[in-house]
> 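Have a look at this one.
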Protein chains: 2
Amino acid sequence: MDNLSEMLKGVLEGIVLEIISRGEIYGYEIVKYLTQMGFEGIAEGTVYALLMRLERNRLVNIAKKPSEMGPPRKFYTLNEQGREKLMSFWAKWDFLSSRIEILRNNGGNKHEL
Amino acid sequence: MDNLSEMLKGVLEGIVLEIISRGEIYGYEIVKYLTQMGFEGIAEGTVYALLMRLERNRLVNIAKKPSEMGPPRKFYTLNEQGREKLMSFWAKWDFLSSRIEILRNNGGNKHEL
DNA sequence: TACTGTATATAGTATTGCTAAGTAGTGGCT
DNA sequence: AGCCACTACTTAGCAATACTATATACAGTA
């Protein structure tokens, strides 16, 4: 799979919000989770920058906790605004993906809906 | 539906390539077709800029023809590179949308695949 | 003349993901 | 002690792409 990066724009944020919505989690763990999901190409820097943005935009709550394995971890949870943003993401995703499926299934039809 | 623009990044090009693949078409008609599809927010300027990019990247062939209704039209068709780009788009789309469905359907599960 | 619809082009901006580099803590190996 | 690997977070600068706004131009009509 070559470069997904452009297609991830506007989608990665939603994916990360959904992951956080499942329960308190910290950045490094999110990166590993994304890798497990098959998003191997997503750079750590990208995820951390996105998390900083979520914080700046007040979509998340943060709790810093010590780790036994290294430096302290920043745990994220969604706040009310974050949950709204997540719902908005799914609405947009459903809209976009349904349109695209219509387009694709419209098969041989030449510029007709 | 509020702002889809970020989510369209990397997707709109694929949509337009797919539309062109159905048969010779010109920019203004593509804009109207997208509007019909429900993408009412997509600005004309966006589509024209994208078409210029397709041309610059040699993904399309172009035939300029006079119109009875206004200025001449630029008709686009896909060339071989364009068809390859389109296939690559669908591969990426399938990858991304399948991962997202997995994430979504993973429902209450807390950070497990 | 002025306005609407058809048709294309472009300059400048904002958003967002990427690369690359740096900082730090813990533990294992030599 | 010194080096490396893994854990964990941050930041500066770059690239790609959609948006806004504006400009150009032709045809028909009030």
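Worth saying up front: this structure is predicted, and the values here are computed from it rather than measured. A note on names: the letters A, B, ... follow the listed sequences, proteins ahead of strands, and every chain is numbered from 1.
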> Let me know the distance between NZ of B:Lys64 and P of D:dA25, rounded to the nearest Å.
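Nearest whole value for this atom pair: 12 Å.
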
> So, for B:Glu55 and B:Ile62, which heavy atoms are closest and what is the spacing to 0.1 Å?
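For B:Glu55 and B:Ile62, the tightest heavy-atom pair comes out as CD-CD1, 3.0 Å.
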
> Take the protein atom CG of A:Asn3 and the nucleotide atom P of D:dA16, then report the distance between them rounded to whole Å.
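Going from CG in A:Asn3 over to P in D:dA16 covers 10 Å.
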
> Could you tell me the separation between the CD1 atom of B:Ile19 and the CG atom of B:Leu86, rounded to the nearest 0.5 Å?
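Going from CD1 on B:Ile19 over to CG on B:Leu86, the span is 11.0 Å.
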
> Has A:Lys74 got a side-chain N or O lying under 4.0 Å from the OP1 or OP2 atom of D:dT10?
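Indeed, a polar side-chain atom of A:Lys74 lies that close.
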
> Parallel, tilted or perpendicular: which describes the rings of A:Tyr26 and A:Phe75, with under 30° parallel and over 60° perpendicular?
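Rings of A:Tyr26 and A:Phe75: perpendicular, as their planes differ by over 60°.
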
> Rounded to whole angstrom units, what separation is found between the CE atom of A:Met69 and the C1' atom of D:dA5?
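So the CE-C1' distance, A:Met69 to D:dA5, works out to 11 Å.
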
> Measure the distance from CZ on A:Phe75 to C1' on D:dA8 and round it to the nearest whole Å.
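Distance, rounded to whole Å: 11 Å.
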
> Quick one: does A:Leu78's side chain get under 4.5 Å of A:Val60's, heavy atoms only?
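When only atoms from C-beta onward are counted, A:Val60 and A:Leu78 do touch, with a gap below 4.5 Å.
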
> Atom CG of A:Leu50 and atom P of C:dC18: how far apart are they, to the nearest Å?
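Taking atom P of C:dC18 as the reference, CG of A:Leu50 is at 10 Å.
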
> Looking only at side-chain N and O atoms, does A:Tyr26 come under 4.0 Å of OP1 or OP2 in D:dA8?
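True: A:Tyr26 side-chain N/O within range (under 4.0 Å) of D:dA8 OP1/OP2.
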
> Nearest whole angstrom, please: distance from the P of D:dT10 to the CD of A:Glu44.
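Whole-Å distance recorded here is 12 Å.
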
> Please say which of A:Leu12, A:Leu34, A:Val31 ends up in a side chain to side chain contact (heavy atoms under 4.5 Å, CB included) with A:Phe39.
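Exactly one option meets the side chain to side chain contact (heavy atoms under 4.5 Å, CB included) with A:Phe39, and it is A:Leu34.
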
> Which nucleotide sits closest to the side chain of A:Thr46: C:dT19, C:dT8, D:dA18?
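Given the options C:dT19, C:dT8, D:dA18, the side chain of A:Thr46 is closest to C:dT19.
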
> Taking only side-chain N and O atoms of B:Ser67, does any of them lie within less than 4.0 angstrom of OP1 or OP2 on C:dA7?
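It does, given that an N or O in the side chain of B:Ser67 lies less than 4.0 Å from OP1 or OP2 of C:dA7.
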
> Nearest to the B:Glu6 side chain among D:dT7, C:dT15, C:dT10, which nucleotide is it?
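Selected nucleotide: C:dT15.
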
> For a quick check of understanding: with a heavy-atom distance under 4.0 Å over all strands, which category does A:Ser5 fall into, base, sugar-phosphate or nothing?
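The answer is sugar-phosphate, as A:Ser5 gets under 4.0 Å only of primed atoms, P, OP1 or OP2.
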
> Salt bridge or not for B:Glu101 and B:Arg104, using N-O below 4.0 Å?
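Salt bridge: yes.
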
> Quick one: which of D:dC9, C:dT19, C:dG17 gets closest to the side chain of A:Ala43?
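Taking heavy atoms from C-beta onward, the closest nucleotide is C:dT19.
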
> Taking the nucleotide of DNA chain C with the closest heavy atom to each, which residue, B:Tyr76 or B:Pro71, is nearer the 5' end?
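Between the two, 5'-proximity favours B:Pro71.
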
> Just N and O in the side chain of B:Arg53: are any of them under 4.0 Å from OP1 or OP2 of D:dA18?
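Looking at the OP1 and OP2 atoms of D:dA18, one of them is under 4.0 Å from a side-chain N or O of B:Arg53.
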
> Any base atoms under 4.0 Å from B:Gly27, or only sugar-phosphate, or nothing? Heavy atoms, all strands.
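Sugar-phosphate contact only - B:Gly27 comes under 4.0 Å of backbone atoms but never of a base.
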
> Looking at B:Tyr48, I'd like to know whether one of its side-chain N or O atoms comes within less than 4.0 Å of OP1 or OP2 on C:dA9.
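No, no such contact exists.
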
> May I ask you to verify if any side-chain N or O of A:Arg73 is less than 4.0 angstrom from the OP1 or OP2 atom of D:dC9?
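No.
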
> Classify the side chain of A:Lys9 and the base of D:dA18 as holding, or not holding, a donor-acceptor pair under 3.5 Å.
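Result: no qualifying N/O pair found.
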
> On DNA chain D, check which nucleotide each of A:Ala49 and A:Gly70 is closest to and give me the residue with the more 5' one.
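Of the two residues, A:Gly70 wins.
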
> What integer distance in Å separates B:Leu4:CG from D:dT20:P?
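Answer to the nearest Å: 12 Å.
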
> Across the strands shown, which category fits B:Leu51 at heavy-atom distances under 4.0 angstrom: base, sugar-phosphate, nothing?
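B:Leu51: no heavy atom of the nucleic acid under 4.0 Å.
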
> Expressed as a whole number of angstroms, how long is the span from B:Ile42:CD1 to D:dT20:P?
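Distance check: B:Ile42 CD1 to D:dT20 P gives 11 Å.
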
